[in-house]
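What follows is a short report on a single structure.
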Amino acid sequence: METQNQIIELFRKSPNSELSTSEIAEAIEKPEFEEISRALSEKFIDPEKIRKAKRKKAQMHRKILYHLNDLVKENILKISKEGKKGEKFFCLDLEEGEEILIDRVKRVTISKPHAPSLPIEGYEQKGIIYCLDPATWIERLNSILIECAMFDDLKELLHFISGCFSNINDSVTLNEFDAILKKNDLSQVTNFVHKLNSRCNDYGKKICCILNISGLEKQGEFLELMKDAIKASNVSFVFNTAAGELDKNSAFFEKLIKLFFESDANLYFQNNDLHKSPYAIGRAGPYTFDEGEWASYKKELYGKLKCIVCAQSTVIVDAERFYSEEAKNIEQFKQFNLKIADSLFSINSIQRRRSEELFSDIIKLNEKHIEDIFIFSRNYVRFWNYGWKHEDFDQEFLINMFSESKKAVDEFCLSEETIYKSCGMPTRLKIAYSCAFDVFVENIFSKAKYRKFTISNIKDFHKEDIKKIIESKENLFKLFNGGDLISFYRVGNLDAKEILKEIAFIMNNYKLPFFRWNFGGVKERDMDLKRFIEQ
């Protein structure tokens with residue numbers, strides 16, 4: 001009965017939540033859950049201990065499921081979906097506005113508040129819009145940034161990240177990850193990365209580690225770490241550097257390129273000469289902060305906050321489906337985006353009013369600066385299949401269409417902020433544009449029409465068609481202020497020195513703040529080189 005009361009209390013606090021068996025088990029049996037997680041994420045451990053830990057985990061899940069199934073039979077909860085490996089997710093068996101009275105040791109009343117009616121619901125039904133993540137759109141944030149330098153103990157940092165998973169639905173960014181390497185030895189950091197990967201796997205989240213190359217003192221140790229850490233599929237590394245640092249640390253980067261080539265992992269670069277605020281990778285796409293606001297943060301709040309919110313809510317748009325339904329029309333596209341902005345404004349207001357209730361784990365860590373946690377956060381509109389690199393899409397028209405739309409959305413945000421401030425209710429409303437990742441939307445939206453950007457050597461960058469495509473992307477980076485990404489698929493033979501020259505060429509000659517290098521094509525020998533191939 002006590003376990004069921006604890007489960008009921010979880011849903012009473014957050015009546016719109018959708019929780020997995022693992023999330024409920026961790027909340028109810030926290031000490032035992034953490035002990036099992038530690039055992040399963042240890043790199044070197046006796047196989048018998050692993051078997052015991054797995055048995056304990058299975059027993060815990062069975063125990064929690066027993067009580068969950070009882071609550072389902074009582075029509076208090078219902079199974080909402082099944083996740084990876086058949087794990088069940090649960091939510092309240094209530095419609096919006098309904099209330100349930102539960103007589104237990106003490107009487108508990110749970111009501112499910114009405115979600116606001118939004119002007120994008122028709123587009124959701126048509127498959128043009130997808131909200132990240134529909135079941136937890138209001139109750140969870142998209143992404144937060146944690147300052148690694150503010151944590152002296154890896155256990156404390158891991159504990160905080162695990163707690164944050166119940167407050168977010170996409171990713172956690174670890175800024176200045178190099179600070180961890182300064183304070184801990186190689187084996188501790190390696191073990192930490194494995195634990196992060198394991199937790200992400202359990203909860204369907206992503207971790208992104210930002211490395212400032214200028215602060216990376218133990219380069220040899222870091223390369224040793226990467227040999228192992230690169231295998232962690234849920235943990236990405238972004239190298240924040242500049243052209244001058246590439247040249248200064250050429251031996252390090254050549255070894256790094258070889259490591260990523262051997263692992264088939266994506267190698268992410270942020271050009272620090274162009275963009276100072278951290279660029280991060282989530283499941284849905286890239287994240288970053290406004291440059292001016294990040295400068296203010298560094299000047300006034302850096303060293304005071306352990307974490308800040310990057311993104312609150314996200315709407316993802318299948319632009320190809322919108323074009324098919326509504327036609328490629330600048331005015332219609334602008335009005336469509338204003339409807340999205342209006343919807344995000346409604347959700348933004350709810351989240352800020354209920355922030356202490358919904359995001360308690362994040363707020364606890366910054367109790368002295370609660371008002372500053374959301375000071376730089378934004379809501380996101382991500383676009384999929386929107387026309388860049390589409391052979392039948394006029395790129396100049398594309399830029400103009402997004403420019404006019406973004407201008408209208410920015411004016412809407414400013415107008416709403418002004419109205420609230422004039423009423424004595426200061427509230428922040430910022431909406432950022434960004435792109436959506438193919439792996440996130442492949443089962444939701446239309447098939448990709450764009451083509452992969454393949455490079456065989458540095459001479460390719462001097463060709464007119466390639467220069468034209470990159471020029472268009474430079475303009476999109478200015479409009480996609482929530483973060484954009486360009487991917488270069490390298491084909492031909494591996495030569496780390498030559499590839500490093502190509503990366504330096506991009507940093508010196510193009511205004512591309514964030515890009516990734518993929519080496520999948522390098523391993524294909526005797527292939528016909530095509531600069532644009534079907535994905």
Side-chain angles (χ1 to χ4, degrees), residues 119-120 122-123 126-130 274 285-286 288 314-344 380-413 431-438 441 444-454 460-461 463-488 506 509-515 530-535:
I120 57 171
Y123 295 103
K126 292 176 184 176
I128 293 172
I129 277 178
Y130 177 81
L274 296 176
T288 192
T314 291
V315 169
I316 307 178
V317 175
D318 187 339
E320 176 63 25
R321 283 185 184 165
F322 177 81
Y323 302 149
S324 300
E325 292 271 341
E326 310 283 342
K328 296 170 186 173
N329 178 285
I330 291 176
E331 184 59 30
Q332 282 177 287
F333 190 68
K334 184 170 74 175
Q335 294 305 319
F336 168 65
N337 277 273
L338 284 171
K339 290 174 186 175
I340 294 173
D342 191 20
S343 301
L344 286 170
Y380 269 61
V381 184
R382 294 191 180 278
F383 295 94
W384 166 252
N385 243 355
Y386 54 89
W388 182 61
K389 289 194 299 183
H390 291 195
E391 291 178 340
D392 60 346
F393 210 119
D394 183 331
Q395 296 297 294
E396 191 174 332
F397 174 81
L398 172 74
I399 299 300
N400 190 30
M401 182 171 65
F402 272 92
S403 179
E404 290 299 311
S405 164
K406 188 70 177 68
K407 198 184 300 178
V409 167
D410 288 343
E411 287 171 1
F412 170 85
C413 291
I431 293 174
Y433 279 9
S434 186
C435 60
F437 282 169
D438 55 352
V441 298
I444 303 169
F445 283 162
S446 57
K447 188 178 177 183
K449 286 184 72 175
Y450 63 86
R451 298 168 183 267
K452 284 183 179 177
F453 198 176
T454 62
D460 285 346
F461 290 104
K463 296 179 178 176
E464 286 304 315
D465 52 354
I466 287 182
K467 286 200 287 189
K468 206 170 179 181
I469 285 291
I470 293 179
E471 183 184 339
S472 177
K473 193 61 167 175
E474 287 176 322
N475 289 321
L476 283 166
F477 264 104
K478 294 173 189 173
L479 294 170
F480 282 17
N481 58 329
D484 202 0
L485 176 71
I486 182 169
S487 303
F488 297 99
I506 293 167
N509 293 277
Y510 293 112
K511 293 178 181 177
L512 301 173
F514 192 47
F515 57 92
K530 294 180 182 178
R531 282 180 296 279
F532 301 99
I533 57 175
E534 292 289 351
Q535 183 165 4

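Scope of the values below: all heavy atoms of this structure, side chains included, with no hydrogens, waters or symmetry mates. One-based numbering along the sequence shown.
Less than 6.0 angstrom separates the ring centroid of Tyr323 from the ring centroid of Phe393.
Within the 4.5 Å cutoff, the side chain of Ile470 has heavy atoms near those of the Phe453 side chain. Side-chain contact between Lys126 and Arg321 is absent, with no heavy atoms from C-beta onward closer than 4.5 Å.
Rounded to the nearest 0.5 Å, atoms OG (Ser343) and CD1 (Ile431) are 9.0 Å apart. Within the model, atoms CG of Leu398 and CG of Leu476 stand 5.5 Å from one another, a figure rounded to the nearest 0.5 Å. To the nearest 0.5 Å, atoms CD1 (Ile129) and CD1 (Ile120) are separated by 4.5 Å. The distance from atom CG of Asn400 to atom CZ of Phe333, rounded to the nearest 0.5 Å, is 11.5 Å. How far CH2 of Trp388 is from CZ of Phe480: 10.5 Å, rounded to the nearest 0.5 Å. Taken to the nearest 0.5 Å, the CD atom of Glu326 stands 6.0 Å off from the CD1 atom of Ile128.
Qualifying side-chain contact (heavy atoms from CB on, under 4.5 Å) partners for Lys407, counting only residues two or more places apart in sequence or in other chains: Glu404, Glu411. Annotation: side-chain contact (heavy atoms from CB on, under 4.5 Å) contacts of Asn481 (sequence neighbours excluded): Arg378, Lys406, Ala432, Tyr433. Shown here are the ring pair (Phe, Tyr, Trp, His ring centres under 6.0 Å) partners of Phe477, two or more places apart in sequence or in another chain: there are none. Every residue two or more places apart in sequence or in another chain was checked for a salt bridge (charged side-chain N to carboxylate O under 4.0 Å, His left out) with Asp394, and none qualifies. Applying the ring pair (Phe, Tyr, Trp, His ring centres under 6.0 Å) rule to Phe397 yields no partners; only residues at least two apart in sequence or on another chain are considered. With sequence neighbours left out, Glu396 forms a salt bridge (charged side-chain N to carboxylate O under 4.0 Å, His left out) with no residue at all. For Lys339, there are no salt bridge (charged side-chain N to carboxylate O under 4.0 Å, His left out) partners at least two apart in sequence or on another chain. Evaluation of the ring pair (Phe, Tyr, Trp, His ring centres under 6.0 Å) rule for Tyr510 yields no partner, not counting sequence neighbours. Applying the side-chain contact (heavy atoms from CB on, under 4.5 Å) criterion to Gln335, with sequence neighbours excluded, gives Glu331, Leu338. Scored by the ring pair (Phe, Tyr, Trp, His ring centres under 6.0 Å) test, Tyr130 finds no partners at all (sequence neighbours excluded). Applying the salt bridge (charged side-chain N to carboxylate O under 4.0 Å, His left out) rule to Glu474 yields no partners; only residues at least two apart in sequence or on another chain are considered. Here Ala436 pairs with Ile316, Arg382, Trp384, Val441 under the side-chain contact (heavy atoms from CB on, under 4.5 Å) rule; sequence neighbours left out.
In terms of heavy-atom proximity, Phe445 sits nearest to Val317 at CE1-C, 3.8 Å. Between Cys435 and Pro286 the shortest heavy-atom distance is SG-CD, 3.6 Å. Among all heavy-atom pairs drawn from Ser472 and Gln395, the shortest one is OG-OE1, 3.1 Å.
A donor-acceptor distance shorter than 3.5 angstrom exists from the side chain of Asp318 to the backbone of Ser446, with no hydrogens or angles considered. In this structure, Ser405 contributes its side chain and Met401 its backbone to no donor-acceptor pair below 3.5 Å. The backbone N or O of Glu320 lies less than 3.5 Å from no partner atom in the side chain of Tyr386, so there is not a single donor-acceptor pair. Within the 3.5 Å criterion, the main-chain N or O of Pro119 finds no donor-acceptor partner in the side chain of Asp342. Not one N or O on the side chain of Asn337 forms a donor-acceptor pair closer than 3.5 Å with the backbone of Val409.
Between Glu464 and Lys467 a salt bridge is recorded (basic side-chain N to carboxylate O distance below 4.0 Å).
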Item to complete: Decide yes or no on side-chain contact (heavy atoms from CB on, under 4.5 Å) for Phe488 and Ile506, but give the supporting numbers first.
Response: CA-CA 11 Å; Phe488 297 99; Ile506 293 167; 3.5 Å; yes
Practice prompt. Would you sort out whether Asp438 and Tyr450 count as a side-chain contact (heavy atoms from CB on, under 4.5 Å), showing the intermediate values?
Written response: CA-CA 11 Å; Asp438 55 352; Tyr450 63 86; 3.7 Å; yes
Item to complete: Before giving the answer on side-chain contact (heavy atoms from CB on, under 4.5 Å), spell out for Lys473 and Asp484 the whole-Å C-alpha distance, their side-chain angles and the decisive distance to 0.1 Å.
Response: CA-CA 9 Å; Lys473 193 61 167 175; Asp484 202 0; 3.0 Å; yes
Practice prompt. For side-chain contact (heavy atoms from CB on, under 4.5 Å), just list the numbers for Val381 and Ser434, CA-CA rounded to whole Å, side-chain angles, deciding distance to a tenth of an Å, and then say yes or no.
Written response: CA-CA 6 Å; Val381 184; Ser434 186; over 6 Å; no
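Residue Lys511 qualifies as open at atom NZ: its count of foreign heavy atoms under 6.0 Å is 12 or below.
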